[in-house]
Amino acid sequence: MEKDKLLLIDGNSIAFRSFFALHNSLSKFTNKDGLHTNAIYGFNKMLDNILAQYQPTAALVAFDAGKTTFRTKMFDNYKGGRSKTPPELSEQMPYLRELLTGYGIKSYELPDYEADDIIGTLSKEAEEQGYSVTIVTGDRDLTQLSSDKTTVAVTKKGVSEVEEYTPSYVEEKLGVTPQQIIDIKGLAGDTSDNYPGVTKIGEKTAIKLLKEYGSVETLYEHIDELKKSKMKEHLIEDREQAFMSKKLATIKRDAPVKISLQDINYEGKNEDFLINFYQKMNFKSFLSQMNQTAADVDEEIKFNILDEQNIEQLKNLPDEICFYLEMLDKNYHLSDFCGFVIGTPENIWVSDDIELLNNTVIKNLLGGSTTKVNLFDGKRTYVGLHRLGIELDNINFDILLQSYLLDTNDNSNDLGQLAHEHNYNQIDTDAEVYGTGAKRAVPETTILLKHLARKVKAIQVLGEQLQAELVDNKQEKLYWEIELPLSIVLAKMEISGIKVNSDRLHQMQSEFTERLAEIETDIYREAGEEFNINSPKQLGEVLFEKMKLPVIKKTKTGYSTAVDVLEKLQGESPIIDNILNYRTISKIKSTYVEGLLKVIHSNDQKIHTTYLQTLTQTGRLSSIEPNLQNIPIRIEEGKKIRQAFIPSHKGWHILSSDYSQIELRVLAHITGDKHLQEAFKNGEDIHSSTAIRIFGLKDASEVTPNIRRQAKAVNFGIVYGISDYGLSQNIGISRKDAKKFIETYFKEFPGVKKYIDSSVELAKEQGYVETISHRRRYLPDIHSSSFNLRSFAERTAMNTPIQGSAADIIKIAMINMEKELETRNLKTRMLLQVHDELIFEVPDEEMAEIKKLVPSVMDSAIKLDVPLKVETSWGNTWYDAK
DNA sequence: GCATGATGCTT
DNA sequence: CGGGAGCATCATGCG
């Protein structure tokens, strides 16, 4: 007969862990009533895993009964100073009980006792009756219950993974027996439960003492034998506290529990109940595991199917409408069109016949400036319509942009998902309707049309709601004057595209193929075998096992073979240089030569990137398919890639203008630091003047290239918000020295230090920081108890206004520049943006004008307390524009 | 087909 | 413990 297996779960602890494990995506886990569901979801995942793993015959979830227990009666301050349970978690607790009902697992609580004591009591009873017991908790203190019959499974970072504590594992991990855990607590106390222990004794000292004396009691019996010391005094002084703390830490094993093991047999879950519950909670993944689908969005939707006959009726639409053009492929430069919807929530018109868009009635609505158009992702829509010969004009609400400005995290490119994030649930996500990855496809016509119809109402409702929120946040200008106009500027740049000389790329391809083959032969000869050089795993085995080179660094999966490691091995063997060369060339060949060849449009020999305007946390753009913001420039071999980027007409040139030190200038402006401002106003070399200040030099004559390099790295660190550790890695110095550099920097530039402190303060007070254009970034981790998370949030608090304001400035410059090109009727086209740089193609007859115009528009985009400096160059290719 | 990890390019 | 962000490539292991 199979042994009886009891599962005991620490309900509060697991709920708490689940809640914080999914805290970042709190807003994604809500049902349509606005109930948060992240803790319930996490709890469910944990249950699924644990049940599958242990297959218990009996199970119980124990909860804490309330704030007062026998422990608070013993010690007033027990668990004092704990912050309140967040309301987003409390509201989930009743539903957790419902979840357990669905799983057929009883829950139990006992006045005056904690969940721990229920677990302690029942596990003892079960052990006596020959059960094997598993306890699941997020609290390591419960490992005191582990025994040869009882395993304590403590959740790791998520909640679905656990670490199993058996008595031998406790000893291995902590160096004491499970029974001695309470003695540790007695001596060291517990900060989270807020009881004291003995003054100045922490976990390490406690363990040392216990190894010698075994328990608190024995220790005090032999207290006189201790050598005279401060510690001895503290021990004697705090004797009472030690015994009390031990008692507080001790889990009761004889609590008056009124439920017996027979009452908690586990007989499996109630599927119907759970399906119902999941639908209420909107848990789609659990439903699909049970071969069920989410409940249909419950509001019926009325719409008309548009055709040639009834299209005239669109003329009755008011002067504010919604529009959505459906393209299933992420790349809207190439995607097929599969339908569209136009109208107002009261009057919705849908069709999968794209030809209808060419009707003048629709062209007038979308392109005439009298009708305001609300939509989701204006840039995408503009490009799509442009391909159909329609010029979109007069966008009003773009809910993707609005949502991103309100909170940079709410930026999904899926309308349904974005709607859910704002608690609008009368629409499914595109991922649900169309599928993802290889399975993505146009659904049945009725499903498609219904889904499209629902988009109109979502856009209208959210557009108005989000606009009101932008007004509250004082972010209207940012929306109307920067992001919305910028989206059209970007659309035009993407449509323009940049011409590529594919012959040049093919030429490089064969050149690199040949060189790689040569290096490859050398590497195989030096290794004594053939292997895949591109595989870090195989390469690691060759270098560190076969060739026995010293191991410098390890990764999660094995040996690190990254550049900094290989550079340290140079000289050990000629194979290293060959590998480094191989890496460089193979990177250029695969990512750039072949990568770019793949994305040239065959009809115009151009590359059309897609800018993501709503992705980064700082307000910067990003670029995909392909990424044109990381084309090589530092290494000459890679830089040659730029020779393939050429003007689209004969007799034109590529012109590039970049802001010099824009972030440091923004820093000088925002912080008001006198020294920094002075340096820029005097037109000094900023890295040299930084070097003079932080190294205490007399003047520029003492700045050596190496000193300047270090100062540059410090400036870099300030701008990118890196830590002392990051700085030390960048310039190969010790972390201590890096820390000293940063400290000296702050002493020399006190305005910067003051600014950083006030930024952190501000972030703590209001929960977010902002740029000069009121772009916001929320920093919830600023309150985190984790040093890492908190430190990162603190660096972000000062970095985001700097990097984000620089992003604001170039965005303004782009909008002004496009306006100038238009009003002056110029043929010059703005093609690319690379964070602090704009790239144009310019006909020769406009060159004289443009090379003055671009820098003047850029440096006057905004007025700062220090001047903005712009450097311009041009040539036949992007390479030559240097 | 898909997710994850290691690596390397830019600013 | 792991520390800038974002993109793309290749290898690898899973189903």
Side-chain angles (χ1 to χ4, degrees), chain A residues 156-157 408 435-440 531-541 553-566 579-580 582-596 598-599 609-612 615-635 637-639 641-642 658-664 712-713 715-730 735 738-739 777 781 784 786-796 798-800 802-804 806-807 810 832-837:
Chain A
K156 293 215 274 205
K157 19 182 162 164
T408 46
T436 53
K439 291 195 284 285
R440 195 168 174 91
F531 65 100
N532 186 347
I533 308 170
N534 282 321
S535 159
K537 187 162 169 264
Q538 296 181 34
L539 179 62
E541 279 159 17
K553 200 166 78 181
K554 293 203 115 191
T555 65
K556 246 189 258 184
T557 50
Y559 310 106
S560 170
T561 64
V563 176
D564 55 320
V565 170
L566 294 182
I579 290 166
L580 286 168
Y582 184 94
R583 280 260 176 87
T584 311
I585 295 171
S586 124
K587 168 87 182 181
I588 302 170
K589 178 168 173 263
S590 63
T591 303
Y592 298 105
V593 178
E594 286 159 0
L596 290 174
K598 267 184 238 161
V599 291
T609 187
T610 298
Y611 288 104
L612 301 183
L615 181 131
T616 68
Q617 296 297 306
T618 56
R620 273 188 172 187
L621 301 176
S622 81
S623 153
I624 59 165
E625 274 184 297
N627 180 0
L628 290 182
Q629 294 181 315
N630 72 343
I631 303 301
I633 190 164
R634 274 180 32 243
I635 313 272
E637 272 159 322
K639 188 173 180 179
I641 292 288
R642 293 174 178 232
D658 65 293
Y659 283 109
S660 157
Q661 309 295 352
I662 187 165
E663 272 111 348
L664 287 174
K712 190 175 168 182
N715 281 332
F716 178 86
I718 299 285
V719 165
Y720 284 124
I722 62 176
S723 57
D724 51 3
Y725 174 85
L727 178 62
S728 76
Q729 292 295 299
N730 280 345
R735 181 177 157 161
K739 201 171 170 193
R777 178 172 186 179
D781 287 343
S784 172
S786 145
F787 173 81
N788 283 326
L789 288 181
R790 197 177 58 247
S791 305
F792 181 55
E794 286 170 3
R795 294 201 300 277
T796 309
M798 77 126 213
N799 169 245
T800 295
I802 307 301
Q803 198 178 105
I810 194 164
L832 303 174
Q833 188 251 43
V834 190
H835 308 308
D836 64 357
E837 180 186 7

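In what follows, every heavy atom counts, from backbone to side chain, and hydrogens, waters and symmetry copies are set aside.
Contact annotation for A:Q803: no contact, since no heavy-atom pair falls under 4.0 Å across all strands. Within 4.0 Å of A:S560, counting heavy atoms only, lie sugar-phosphate atoms of the nucleic acid but no base atom. Looking at heavy-atom distances under 4.0 Å, A:R583 makes contact with sugar-phosphate atoms alone, never a base. In this structure, A:T796 reaches neither bases nor backbone, as no heavy-atom distance under 4.0 Å exists between it and the strands shown. Residue contacts shown for A:Q833 are absent, as no nucleic acid heavy atom lies under 4.0 Å away. Note on A:V719: nothing from the nucleic acid sits closer than 4.0 angstrom, heavy atoms only. Residue contacts for A:T618: at a heavy-atom cut-off of 4.0 Å it reaches no nucleic acid atom on any strand shown. Counting any heavy atom pair closer than 4.0 Å across all strands shown, A:R735 reaches a base atom. Among the atoms of the strands shown, base atoms are found under 4.0 Å from some heavy atom of A:Y725. A:I588 comes within 4.0 angstrom of no nucleic acid atom, judged by non-hydrogen atoms across all strands. Within 4.0 Å of A:E663, counting heavy atoms only, lies no atom of the nucleic acid at all.
Checked against B:dT10, C:dG2, C:dC7, the side chain of A:P632 finds its nearest nucleotide in B:dT10. Set against C:dC7, B:dT11, B:dG5, the side chain of A:E837 has B:dT11 as its closest nucleotide. Listed candidates were B:dT7, C:dG13, C:dT9. Nearest to the side chain of A:T591 is C:dT9. Residue A:T557 places its side chain closer to B:dA6 than to any other of B:dA6, C:dC7, B:dT11. When distances are taken from the side chain of A:S535 to each of C:dG4, C:dT12, B:dC9, the shortest belongs to C:dT12. When distances run from any side-chain atom of A:F787 to the nucleotides C:dA11, C:dG2, B:dT11, the shortest one goes to C:dG2. Among B:dA6, C:dC10, C:dG4, the nucleotide with an atom closest to any side-chain atom of A:P536 is B:dA6. Side chain of A:A562, nearest nucleotide from C:dG3, B:dT10, B:dT7: B:dT7. Taking only side-chain atoms of A:A438, from C-beta outward, the nucleotide of B:dT11, B:dC2, B:dA6 with the closest atom is B:dC2. Set against C:dG3, C:dA8, B:dT11, the side chain of A:I624 has C:dA8 as its closest nucleotide.
One P atom belongs to B:dG8, the other to C:dC1, and the distance between them is 25 Å to the nearest Å. Taking atom P on both nucleotides, C:dG3 is separated from B:dA6 by 12 Å, rounded to a whole Å. Using atom P as the reference point in both B:dG5 and C:dG2, the two lie 13 Å apart (nearest Å).
At whole-Å resolution of the value, OH in A:Y582 and C1' in B:dG8 are 15 Å apart. As a whole-Å value, the separation of A:L566 CG from B:dA6 C1' is 12 Å. Rounded to an integer number of Å, the gap from CG of A:N630 to P of B:dC9 is 10 Å. If you measure from atom CG of A:N532 to atom P of C:dG13, you get 13 Å, rounded to the nearest angstrom. To the nearest angstrom, P of B:dT10 lies 7 Å from CD1 of A:I635. Residue A:K556 contributes atom NZ, which lies 16 Å from atom C1' of C:dA11 at whole-angstrom precision. If you measure from atom CZ of A:R634 to atom P of B:dG8, you get 11 Å, rounded to the nearest angstrom. For the pair A:M798 CE and C:dG4 C1', the interatomic distance rounds to 11 Å; values are reported in whole Å.
Separation of atoms CZ (A:R583) and CD1 (A:I588) is listed at 14.0 Å; rounding is to 0.5 Å. Rounded to the nearest 0.5 Å, atoms CD (A:E837) and CD1 (A:I633) are 6.5 Å apart. Rounding to the nearest 0.5 Å places NZ of A:K639 at 14.5 Å from OH of A:Y592.
A close approach under 4.0 Å does occur between a side-chain nitrogen or oxygen of A:S622 and OP1 or OP2 of C:dC7. Residue A:T555 places at least one side-chain N or O under 4.0 Å from the OP1 or OP2 atom of B:dA6. Within the structure, a side-chain polar atom (N or O) of A:Q538 is placed less than 4.0 Å from OP1 or OP2 of C:dT12. One finds a side-chain N or O of A:S723 lying less than 4.0 angstrom from the OP1 or OP2 phosphate oxygen of C:dG4.
Formation of a donor-acceptor pair under 3.5 Å by the A:Q629 side chain with backbone atoms of A:Q833 is found in this model. Between the side chain of A:S623 and the backbone N or O of A:L628 there is at least one donor-acceptor pair closer than 3.5 Å. A donor-acceptor pair under 3.5 Å is formed between the side chain of A:T609 and the backbone N or O of A:P626.
Considering all non-hydrogen atoms of both residues, A:N799 and A:G721 come closest at ND2-N, 3.9 Å.
Residue A:D724 is tested with A:K739, A:R735, A:R795 for a salt bridge (Lys or Arg N to Asp or Glu O under 4.0 Å); the sole match is A:R735.
Contact of A:N788 with C:dG2 (side chain to base): a donor-acceptor pair of N or O atoms is detected under 3.5 Å.
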